[in-house]
Number of protein chains: 2
Amino acid sequence: MAKTAKFDRQQVIDLATNLYWQKGFHATSMRNLQDEIDMRPGSIYAAFGNKDGLFKETLKNYTDAGIAQITKCLDMHDSPLEALKAFVRFQVIDSKEAAPSGLCMLTKTIGELTSDNQELIELTKSHLSQITGTFAKVIAQAQECGELSNVKSCDELANYLQVQITGLRTFSKVNLNNEQLALMIEEVFTHYPFNV
Amino acid sequence: MAKTAKFDRQQVIDLATNLYWQKGFHATSMRNLQDEIDMRPGSIYAAFGNKDGLFKETLKNYTDAGIAQITKCLDMHDSPLEALKAFVRFQVIDSKEAAPSGLCMLTKTIGELTSDNQELIELTKSHLSQITGTFAKVIAQAQECGELSNVKSCDELANYLQVQITGLRTFSKVNLNNEQLALMIEEVFTHYPFNV
DNA sequence: CGCATAATTGAACGACCGCTCAATAATTAT
DNA sequence: ATAATTATTGAGCGGTCGTTCAATTATGCG
């Protein structure tokens, strides 16, 4: 019938995710993206609609990767809490040097965008809720197996964890001392509300 | 000798601060600023050099206002810790609705900019250090008057406080429940490391 | 092979970007 | 009043923005 040979969509989205994550939505131009993913404007617009459309796909891609990361941590640790701690270490310490930005792409986006892009904000918020929800599930597991008390609900603890991660990731952009960061992460889990 | 009648520089900087704070550095165009501060491009460039120059002045203006706010809280409370708590409440809860952005302009800027604007990043970091330093001084006061233990140094506690404020302000952009935020702030000060 | 169909290209559009500067307006000293 | 000096104006520069679309290229089917 017709031509079907195409670019590798997942690879293109990965590259776009990294660029958007690094530079932010506004500072990333379509020409930047064209260079990065090696596609001509017509092809990009045919595949993703417009700049917003491509950005939306990268937000979902980033979120899926984050949740996959949590799952991976769960597989690698017997204890749900140890898994969460490993995830936080990865996000705060490793991600600082390896990832395109030291920050979470979702919180960075929420910080950057205004009501001019309300639809993107709402989508970003919903993705962030998805991640917090995943935290809550893991925390609930920890509570069920007695690793954690029920003084705070799993949702409250998940929110608390989000606050800590966001705060620590921003802090890590200013203070680069890995040992200090590791200690601060450790203390998140060894004190209230994670340790009664 | 010559013409001296001029615009009100402080008022202009205040307006520019609010716009930059709200929209971020990249999304704020010189034409946006021209409209906001009611000056023509030539006058702006004569007074501030360029877009970066004006932004630098707003960063200093924002920082000075923040430190003045801390001082004001100290004046209004007998206890240094109560003053800090009041400051945090203002930053996280009141600022969410009243200010141009729910976030700290400095952390927002550090999050947004890349090495393309390294000079602005460094300046922003130094302003943020200035604020953390002010926290440390207040905390040292609390330690001297026995309100707080010396288990953690005032610098460590100041860093911890920065992490909490940053995390909470970002969280407040997603979760708008003021009572919940007030409780989370309360718990910052009633548990480790602020309460041994 | 040749045709129908779809993917891909890249020049180009109007709008906006940061910024400049000759012209003009306003002020003060003489 | 006049001259000297400086603040202010705003049209407009070269460049980049997000986006479009006619033309071209590549593919699968009969």
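All chains are named by letter (A, B, ...) in the order of the sequence lines, taking the proteins before the strands, and each is independently numbered beginning at 1. All values derive from a computational prediction rather than experimental measurement.
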For Q22(A), all residues meeting side-chain contact (heavy atoms from CB on, under 4.5 Å), sequence neighbours excluded: P100(A)
Between Q130(A) and T63(A): side-chain donor-acceptor atoms closer than 3.5 Å: no
Distance below 4.0 Å between S43(B) side-chain N/O and dA7(D) OP1 or OP2: no
Salt-bridge criterion met for K152(A) and E187(B) (N-O under 4.0 Å): yes
Estimated bend of the helix from dC1(C)-dG30(D) to dT30(C)-dA1(D) (axis per five terminal pairs, rounded to 10 degrees): 0°
Pair R169(B)-S95(B), side-chain donor/acceptor within less than 3.5 Å: yes
Residue met sooner reading DNA chain D from 5', once R31(A) and P41(B) are mapped to nucleotides: P41(B)
Carboxylate-amine/guanidinium contact K60(A) D64(A), below 4.0 Å: yes
R40(B) CZ - dG12(D) C1' separation (whole Å): 17 Å
Touch class at under 4.0 angstrom, heavy-atom based, for S29(B) against every strand present: sugar-phosphate
Value in whole Å for how far the C1' atom of dT19(D) lies from CZ of F48(A): 16 Å
Length of the NZ-C1' vector between K51(B) and dT16(D), whole Å: 13 Å
Spacing between D8(A) atom CG and dA7(C) atom P, to the nearest angstrom: 16 Å
Residue Y45(A), side-chain atoms from C-beta onward, closest of dT19(D), dG18(C), dG10(D): dT19(D)
Atom-pair distance (CZ on F7(A); C1' on dA7(C)), nearest Å: 9 Å
Protein-nucleotide distance (Q34(B), atom CD; dG10(D), atom C1'), rounded to Å: 9 Å
Rounded distance (Å) that lies between atom P of dG18(D) and atom NZ of K23(A): 11 Å
Salt-bridge contact K6(B)-D8(B) (side-chain N to carboxylate O under 4.0 Å): no
Separation of dT9(C) P from D35(A) CG (nearest whole Å): 13 Å
Residues N61(A) and T58(A): side-chain donor-acceptor under 3.5 angstrom: no
Closest-nucleotide 5' rank along DNA chain C - winner of M30(B) and M39(A): M39(A)
